[in-house]
Peer 1: 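Let me give you the structure first, and then I'll get to my questions.
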Number of protein chains: 2
Amino acid sequence: METAAATRGRPREFDVEEALAAALRVFWEKGYDGASLTDLTEAMGITRPSLYAAFGNKEELFKRALDLYETEKLAYVGAALAAPTARGVAQRMLEGTIANITSECRGCLGVIASVGCSNADSPIRADVRGRAQSSRAAMIERMERAIEDGDFTLPVTAEAMTQYLTAVMQGIAVQSGAGASRAELEQVAEATLAIWPGR
Amino acid sequence: METAAATRGRPREFDVEEALAAALRVFWEKGYDGASLTDLTEAMGITRPSLYAAFGNKEELFKRALDLYETEKLAYVGAALAAPTARGVAQRMLEGTIANITSECRGCLGVIASVGCSNADSPIRADVRGRAQSSRAAMIERMERAIEDGDFTLPVTAEAMTQYLTAVMQGIAVQSGAGASRAELEQVAEATLAIWPGR
DNA sequence: CAGATTACATACTTATCGGTATAGAACGTT
DNA sequence: AACGTTCTATACCGATAAGTATGTAATCTG
């Protein structure tokens, strides 16, 4: 249905992926509510009507930016879950988190969008939550296998260890957004691993 | 200087502390940027000029609300630091955090204001950060004493354990804001205590 | 080259933002 | 009762929010 179009009419003068990457940085810095269309269009180097023609509206642009964020910035999650032991998973997750939130922009876009959205029943929050749910499920599965493998020296549940590790990562993201140095964040990761109960 | 005034002129028709408590709830729910003056005045039951006469402006109102938050909602911090062991401190801190963020409103006002403020160099962020710094210092001191007391079964630093425990609490607050159930939050606290290295 | 089609650029819409000017209402003092 | 003082109520301010109408420029099809 939508495969037609071809190349009729005036060609677009900007690169959609580049513009999207610029939008992602703005959302990352300012959050969904905080990012105005003026901020976005300036960073993307396009005009308002071009943005609406290419992406629909602000909300859809944000979702597209989240897609990009997931594929580019959250790639470490998959690699982390492939670690041979639960400790390895935790280590790679923490390292990935710190690398991610101290790179281009501070903090975690998921946390920023979820916490920073003014009204609790916003479609933005629901979207972010839905995305988080799938990686949570993957983490729980991985932790279940770790329990079967005897990775833990304590009787823990997969859900609890997932929620716990997620909390530490989110806390690191909060501290990063609040201005903590990379060394301080690494302290948290090191402490978590030093405490980690098992291999 | 300001002790004069007495009771000359028309008396105020609303209770300042009550209005402040209402403002706190609004800021807590929507964050600083997200709370509009319309939201605030409606919840406080007063008009705009009354708000400005009594509190100065939005920023000062927020700081007053933060004062109230600290004295009423963060009282558990002092009690937690008085626990006999580091584990006791952690337990009371985690319990206090969960009780706080699942009571009136979800999440932690400090996290919400810090993460949810659209621009990074806002006076709001600076204020929140300054307040957090003092409790951080108190926590570090307490952890130093715990190390001297031999509370820990691992070679840890007071700074690292403080940052770590703070991260877990912030993570719990994030999850609460994202809609996690109380049971899920308690899972995190229980896991943290189960893992806690020492008494 | 004519026409359809698509994108860009300027300027606009309505709504809401934080903050305030102004007028009237309620009090203590004289 | 008249006055100064302080609060409340309404209506307003300029700035900015998200989103769009309109005209023009650039491409493909015929």
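In what follows, chains are A, B, ... by sequence order, proteins preceding strands, each numbered from 1.
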Peer 1: Could B/Glu141 and B/Arg145 be called an ion pair, given the rule that one side-chain N must be under 4.0 Å from one carboxylate O?
Peer 2: no
Peer 1: Taking A/Glu29 first and then A/Arg106, would you say they form a salt bridge - that is, a charged N and a carboxylate O separated by under 4.0 Å?
Peer 2: no
Peer 1: If I take atom CG in residue B/Leu51 and atom C1' in nucleotide D/dA9, what distance separates them, rounded to the nearest angstrom?
Peer 2: 15 Å
Peer 1: Could you tell me how far apart B/Asp33 (CG) and D/dA15 (P) are, to the nearest whole angstrom?
Peer 2: 20 Å
Peer 1: Does D/dT8 have OP1 or OP2 under 4.0 Å away from a side-chain N or O of B/Thr47?
Peer 2: no
Peer 1: Could you give the CG-to-C1' distance, from B/Asp39 to C/dT16, as a whole number of Å?
Peer 2: 11 Å
Peer 1: Establish, with yes or no, whether the OP1 or OP2 oxygen of C/dA7 is under 4.0 angstrom from a side-chain nitrogen or oxygen of A/Ser50.
Peer 2: no
Peer 1: Taking only side-chain N and O atoms of A/Thr7, does any of them lie within less than 4.0 angstrom of OP1 or OP2 on D/dC28?
Peer 2: no
Peer 1: Any idea how A/Trp196 and A/Tyr164 line up, ring-wise: parallel (<30°), tilted (30 to 60°), or perpendicular (>60°)?
Peer 2: tilted
Peer 1: With a 4.0 Å cutoff (strictly under), does any side-chain N or O of B/Arg12 reach OP1 or OP2 of D/dC7?
Peer 2: yes
Peer 1: Nearest whole Å is fine: how far is C/dG18 C1' from B/Glu60 CD?
Peer 2: 14 Å
Peer 1: Compare all side-chain heavy atoms of B/Asp33 with those of A/Asp33 and state whether any distance is below 4.5 angstrom.
Peer 2: no
Peer 1: Please report, rounded to the nearest Å, how far the P atom of C/dA9 is from the CG atom of A/Leu37.
Peer 2: 17 Å
Peer 1: Under a 4.0 Å threshold between the charged nitrogen and the carboxylate oxygen, would B/Lys30 count as salt-bridged to B/Asp39?
Peer 2: yes
Peer 1: Could you tell me whether B/Ala54 contacts a base, only the sugar-phosphate backbone, or nothing, with contacts defined as non-hydrogen atoms closer than 4.0 Å?
Peer 2: nothing
Peer 1: Counting heavy atoms from C-beta on, name the nucleotide in D/dA17, C/dG18, C/dC27 closest to the side chain of A/Ser36.
Peer 2: D/dA17
Peer 1: When the nearest nucleotide of DNA chain C is assigned to A/Pro49 and to B/Glu59 on a heavy-atom basis, which residue is associated with the more 5' position?
Peer 2: A/Pro49
Peer 1: Establish whether the base of D/dC7 is bridged to the side chain of B/Arg10 by a donor-acceptor pair shorter than 3.5 Å.
Peer 2: yes
Peer 1: Identify which nucleotide among C/dC8, D/dT5, C/dC27 has an atom closest to any side-chain atom of A/Phe14, counting heavy atoms from C-beta outward.
Peer 2: C/dC8
Peer 1: For the side chain of A/Tyr52, counting heavy atoms from C-beta on, which of D/dT20, D/dT8, C/dT20 is nearest?
Peer 2: D/dT20
Peer 1: Parallel, tilted or perpendicular, judged at 30° and 60°: which one describes the rings of B/Tyr69 and B/Trp28?
Peer 2: perpendicular
Peer 1: Let me know the distance between CD of A/Glu13 and P of D/dA25, rounded to the nearest Å.
Peer 2: 13 Å
Peer 1: What I want to check is whether an N or O donor and acceptor connect the side chain of A/Arg48 with the base of D/dA18 at under 3.5 Å.
Peer 2: yes
Peer 1: Could you tell me how far apart B/Met44 (CE) and D/dA9 (P) are, to the nearest whole angstrom?
Peer 2: 14 Å
Peer 1: Where the side chain of A/Arg8 is defined as all heavy atoms beyond and including C-beta, which of C/dT6, D/dT27, C/dG18 is the nearest nucleotide?
Peer 2: C/dT6
Peer 1: Atom CD of B/Glu42 to atom P of C/dT16: distance rounded to whole Å?
Peer 2: 12 Å
Peer 1: Is B/Thr38 close enough to C/dC17 that one of its side-chain N or O atoms is under 4.0 Å from OP1 or OP2 there?
Peer 2: yes
